[in-house]
There are 2 protein chains.
Amino acid sequence: MATIRDVAREAGVGVGTVSRVLGGGAQVAPATRERVEAAMARLGYRPNTAARALSQRRTHTLEVVVPLVTRHFYVEVLRGIEEALAGTDYAVVIRTIERPASRGHAFAALGQGGRADGVIVVSVTPDDDLLARLEAAKLPAVLVDAADLALPSVVVDHVGAAREATRYLLGLGHRRIAIADTPDDPFTPGVAVERQRGYRMALAEAGVLPRAEYQIAAEASPEGGAAACEALLALPEPPTAILACSDTRAVGVLQAARKLGKRVPRDLSIMGYGDIEMSRHLGLTTMRIPVRELGQAGVGLLLEALAEPPAIPPQITLEAELIVRRTAVEPGQAGGKEPPWPVVTPF
Amino acid sequence: MATIRDVAREAGVGVGTVSRVLGGGAQVAPATRERVEAAMARLGYRPNTAARALSQRRTHTLEVVVPLVTRHFYVEVLRGIEEALAGTDYAVVIRTIERPASRGHAFAALGQGGRADGVIVVSVTPDDDLLARLEAAKLPAVLVDAADLALPSVVVDHVGAAREATRYLLGLGHRRIAIADTPDDPFTPGVAVERQRGYRMALAEAGVLPRAEYQIAAEASPEGGAAACEALLALPEPPTAILACSDTRAVGVLQAARKLGKRVPRDLSIMGYGDIEMSRHLGLTTMRIPVRELGQAGVGLLLEALAEPPAIPPQITLEAELIVRRTAVEPGQAGGKEPPWPVVTPF
DNA sequence: CTGAAAGCGCTTACAG
DNA sequence: CTGAAAGCGCTTACAG
């Protein structure tokens, strides 16, 4: 590999000059610049990243910390991050943390040895210890899908999303609306709570009393959704609509409803949450959560912080969008219409 | 940030000694080692990655080059790579190349400035120029989902996969079997050709003559699958089974069949290819392609090459697996049985 | 506008 | 087993 000295010799200049044309900004005589560039081309010269990082104290690398959980959600966030970084000269290194328990351990290594210029933490609400460490390391950081006033943060408005979903169901005429969600999410404990608040707000606005038995725990899988659906339909007064708090759960709800002989949406309306790709094909009515946008916005905030540390860390909230498809209609007893095609029930 | 000099001073030793305890292997007196480790802990010392890379000429970073196409396939390969790297001290930087046209450009930067110790190239068959460049840069490289005898490579046996799928349909009693595939894949042009070869081999083994009109081009999307299905069913002698060469296409085939009033699988058997997550929920009979395993095997080969450059580059072939679900049965006219649950048709 | 030199924070023969 | 020194390949004041 050719080094900067080889280029300098080849071009008949000092290494400092080569470095200056490399940097771009500095003042170099046009003729000199051309000679140097020609020499670089001739030698196939590539600046050494490590040497550069060492003397610049900048790695041109961003670190993103994500839970290992290989869920669609994190993949989408990463996509958003990559998209936003496409135009820049930043590389990204991804660090996954296994379980919440190992957080302390994982974060001990954050920005380890100046491996990164900044860090994007996904779906982890930092504790005081982590905040102190980031501060001490002077490592610019942003939070994605989690928030703290001390750090630039970008979140989704889950209260608003669940509220809008519930409102939509209410608007259709449903009064017996159930919600199936995680009782507690290990990474972002607040989210399920927020959704349930949105759900209750919408009910309250419509003057509908919330029922404890309609708020049911469901694991984040088709199986979890199916179990919740079965329990719900076994109730003396089963709901006429179920808001599954992930599209994955909604698939299970659809399955279980089918097995129990229910016609969707005529006998039971179902809404998902997230709008994953499959949902379009299934005709699932759902809330689109701007996940990719989370990643993009996170990069935006980090780049800004890198350029100039903000006096007060900006807090961004992204709104969800209602996607009307075919799994939710007026309740059957209120004269529900069949959609043009029978709704599909996976099994 | 504390440096190695701070640690040396704190421990009352030379920096060389600190470096030796850092390295692990070297001979250091136990007492000295303890003093140094205590000093490191007290100072919260983290070795600087860039400095280390510069003097060691090793970055502890692997580069993976993937097409930008944000398909499920690449995400899965990346997962496999990350899984395989979990136990090691390697970080990975991901570089995406946009279009085949920009390959030259993208590869010009390969292993740029020693940013990586080795590279995993996904779904790109290298041309002579790239091979020469890798050789010149002495950059260990492996190919994943592409092969070249000059480089360690890992591929999926697509001939065998399509052959097994076709055999399965033949075994069920089908004789009019169509295949819907990409005419040409911009990244790995060979794959579709291989599948078609496997398809024809199976037909030949069964003494069934291949028909040109049953080999149809279909874009890699539900829409592409739907169009192909419509064209196929409009034939004077429509097929009784369709092998869609991706599960995504199979979804479209399912849709179109439904729209045309066909009952699946009674009137038409459908097989997918890939086994994406949705397929389980749809009950789609398909071939499971070991995509994650591609990534894992690629890492294995690269790590081996890093440890000791192989005399002859190993070539690994991964086999697909038949996943029997509910969309393929005996042809209707041969007394096809309904599955316990009607097959689901997304729309 | 440009060269010479110091320095970034490590590692690694070389002595001892 | 350990210290002092050179060197990895850049960047960046400092002079000129």
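Every chain is numbered from 1, with letters handed out A, B, ... down the list of sequences. Not measured: the values here are computed from a predicted model.
Considering only side-chain atoms of A:L54, the nucleotide from D:dC8, C:dG9, C:dC10 that sits closest is C:dG9. Counting only heavy atoms from C-beta on, A:V13 has its side chain closest to C:dG3 among C:dC10, C:dG3, D:dG9. Candidate nucleotides D:dT11, D:dT2, C:dG3 were compared by shortest atom distance to the side chain of A:I4, and D:dT11 ranks first.
Atom pair B:M40:CE and C:dG9:P shows a separation of 17 Å (rounding to whole Å applied). A straight line from CG of A:N48 to P of D:dG7 spans 18 Å, rounded to a whole angstrom. For the pair B:R58 CZ and C:dT12 C1', the interatomic distance rounds to 15 Å; values are reported in whole Å. Atom pair A:R5:CZ and D:dT11:C1' shows a separation of 15 Å (rounding to whole Å applied). Rounded to an integer number of Å, the gap from A:H60 NE2 to D:dC10 C1' is 12 Å. Rounded to whole angstrom, the span from the CG atom of B:L22 across to the C1' atom of C:dG9 amounts to 11 Å. Protein atom CD of B:E34 is 15 Å distant from nucleotide atom P of D:dC1, rounded to whole Å. If you measure from atom CZ of A:R57 to atom P of D:dT12, you get 10 Å, rounded to the nearest angstrom.
Between D:dT11 and A:R52, a contact under 4.0 Å exists linking OP1 or OP2 to a side-chain N or O. A close approach under 4.0 Å does occur between a side-chain nitrogen or oxygen of B:S19 and OP1 or OP2 of C:dT11. Here A:S55 does not reach the OP1 or OP2 of C:dG7: none of its side-chain N or O atoms lies under 4.0 Å away. Distances shorter than 4.0 Å separate none of the side-chain N or O atoms of A:R20 from OP1 or OP2 on D:dT12. For A:T17 and C:dG3, the shortest distance from a side-chain N or O to OP1 or OP2 is below 4.0 Å.
No more than 12 heavy atoms of other residues, nucleotides or ligands lie within 6.0 Å of CZ in A:R5, so this atom counts as exposed by the packing criterion. By the neighbour-count criterion of 12 heavy atoms within 6.0 Å, atom CD of A:Q56 is densely surrounded, having more than that number from other residues, nucleotides or ligands.
Counting only distance, with no hydrogens or angles, the side chain of A:D117 and the backbone of A:T59 share a donor-acceptor pair below 3.5 Å. Here the side chain of A:Q315 pairs a donor or acceptor atom with the backbone of A:L151 at under 3.5 angstrom. Between the side chain of A:R292 and the backbone N or O of A:E76 there is no donor-acceptor pair closer than 3.5 Å.
When the nearest nucleotides of DNA chain D are assigned to A:V18 and B:Q56 by heavy-atom distance, the more 5′-ward of the two goes with B:Q56. Nucleotides of DNA chain D nearest to B:A51 and B:V15 differ in position, and the one nearer the 5' end is that of B:V15.
The partner of D:dA4 is absent, by the rule that a Watson-Crick or G-U pair needs both atom distances under 3.5 Å.
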